[in-house]
Amino acid sequence: MLDFSDKDSGGFCKRTPEFIQPLRRALTGWYTANRRTLPWRGTRDPYHIWASEIMLQQTQVNTVIAYYERFIRAFPDIRALADADIQAVLKLWEGLGYYSRARNFHKAAKLVMARRGGAVPDDWDFFLSLPGVGDYIASAVQSIAFGKPEAVVDGNVKRVLARIFEIHAPVNGASSYDIFKETARTLLDPLDPGSFNQAVMELGALICRPRSPLCPDCPASQWCLASASGRVADFPVKIKKPPVPHHHLAIGVVEKKGKLLIVLRPETGLLGGLWEFPGGRINPDETPEAACFRILTESTGIHVSIRSYLTCIRHAYTHFKITADVYICDWASGRVRLNGPARHLWVTPDALHHYPFPKSNHKFMPQLMEAISK
DNA sequence: AAGACGGGGGT
DNA sequence: ACCCCAGTCTT
């Protein structure tokens, strides 16, 4: 339980617990009147709520909506997801990012089928043990779907709490999670935990935004320490991360008798389970053309001749950026012997859309189709 | 405790 | 160009 006399517990010290009830009422009242209509609101299906929460990790609501609709249509219940091919699951996840979410959700569905006959667990320990279910997902699903008194802590909640209570702990510091969790637990409305959790997150998304928050419209402003002191812009406190490295890649689209060579990335790690055109880092003092030839030999065992330069694409990941030169090549000799990729396939250009590809590959796909058709 | 893990949207 | 997002897993 929170120590209300503790100076570091985030501002409760300056108040008595009496303010909590009116603050709760203000938040839930605001949520009832202002909440957005979203596809996963209004369903009571725990599996649908679970799916939405997974997609919403590190991903904004507007991005998720269309993916959610397609996913639920394809896999309306746990059994449908558990029975699906992982490639079908990844195809529906294509472009959403953080593909381990899809792989873990698929594994979790199989586990729930095997252990619970397809019923989403309403017991904390087993649900939390499932792949892809961490403290946030567990709290969100248990509170929203089952009414359990579990407080969620996500980016929105941390920002809202940091401002209301002037919490100095950095929101991206691993050691400060417990402070926000305890604060959220204390504030949580036990009468309707699911709605209260969503109220705080919705407030963070619509009013208590990262930049240019709408304090005059905020139902919590009269209890907000940062607003009172004019320091809303100083919260939340964040540790700055160093700039990310930039890599130069060469990618080779190899054609052989009208078919193109694609390779499957290993199941784990970056873009795991997605298909791509072979590529890799260009070494120092190496021309992109030489790198393209070398990379194809090393990773697929085949020899090629470079037919033409297609284009250059740039793409940013979370922890590095890439610039890639893309070449169209002709198979010259050799049988495919993979070193790195899990599988390979020769496919006709019109079949490419059946396979999940990373965004970086999609960036040159239209130009590729244009060039190949000539 | 720190780093890996995508991609889009806002400023 | 930089920041942020309904975080989790691995080391």
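Quick caveat, the model's predicted, so the values are computed rather than measured. The figures here come from the full heavy-atom set of this structure, side chains too, leaving out hydrogens, waters and symmetry mates. So that the names make sense, note that chain A is the first sequence line, chain B the second, and so on, each numbered from 1.
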Any donor-acceptor N/O pair under 3.5 Å between B/dG7 base and A/Thr63 side chain: no
Nearest-nucleotide 5' precedence on DNA chain B, A/Pro358 against A/Ser175: A/Ser175
Distance test, side-chain N/O of A/Lys238 to OP1/OP2 of C/dC3, below 4.0 Å: no
Electrostatic pair A/Glu166-A/Arg231, nearest N-O below 4.0 angstrom: no
Distance test, side-chain N/O of A/Lys240 to OP1/OP2 of C/dC3, below 4.0 Å: yes
Toward the 5' end of DNA chain C, by each residue's nearest nucleotide, A/Asn104 or A/Met201: A/Met201
Closest nucleotide among C/dG7, B/dG9, B/dC5 to the A/Arg211 side chain: B/dG9
Sugar-phosphate only, base, or nothing, as touched by A/Trp40 at under 4.0 Å among non-hydrogen atoms: base
A/His319 side chain near B/dC5 phosphate (N/O to OP1/OP2, under 4.0 Å): yes
Residues A/Arg307 and A/Glu255 bridged, charged N to O under 4.0 Å: yes
Rounded distance in Å - CZ (A/Arg314) to P (B/dG6): 22 Å
Sugar-phosphate only, base, or nothing, as touched by A/Val64 at under 4.0 Å among non-hydrogen atoms: nothing
Atom-to-atom span, OH of A/Tyr177 to P of C/dG7 - whole angstrom: 10 Å
A/His315 vs B/dG7: side-chain N/O to OP1/OP2 distance below 4.0 Å: yes
Residue whose closest nucleotide on DNA chain B lies nearer the 5' end, A/Tyr98 versus A/Gly173: A/Gly173
Touch class at under 4.0 angstrom, heavy-atom based, for A/Asn197 against every strand present: nothing
Touch class at under 4.0 angstrom, heavy-atom based, for A/Leu96 against every strand present: base
Ring-ring centroid check A/Trp93 A/Tyr67, cutoff 6.0 Å: no
Closest listed nucleotide, where the reference is the side chain of A/Tyr99 and the choices are B/dG7, C/dA6, C/dT8: B/dG7
Derivation of the side-chain contact (heavy atoms from CB on, under 4.5 Å) call for A/Phe293 and A/Tyr327: CA-CA 10 Å; A/Phe293 181 88; A/Tyr327 296 90; over 6 Å; no
5' priority, DNA chain C, between A/Gly155 and A/Lys241 [closest heavy atom]: A/Lys241
Minimum-distance nucleotide to A/Tyr136 side chain [options: C/dG7, C/dC9, B/dA1]: C/dG7
side-chain hydrogen bond (donor to acceptor under 3.5 Å, both in side chains), paired with A/Thr323, selected from A/His247, A/Arg314, A/His248: A/Arg314
N/O (side chain, A/Gln60) to phosphate O (OP1/OP2, B/dG8) under 4.0 Å: no
Touch class at under 4.0 angstrom, heavy-atom based, for A/Arg41 against every strand present: base
C/dC9 OP1/OP2 closer than 4.0 Å to side-chain N/O of A/Arg103: no
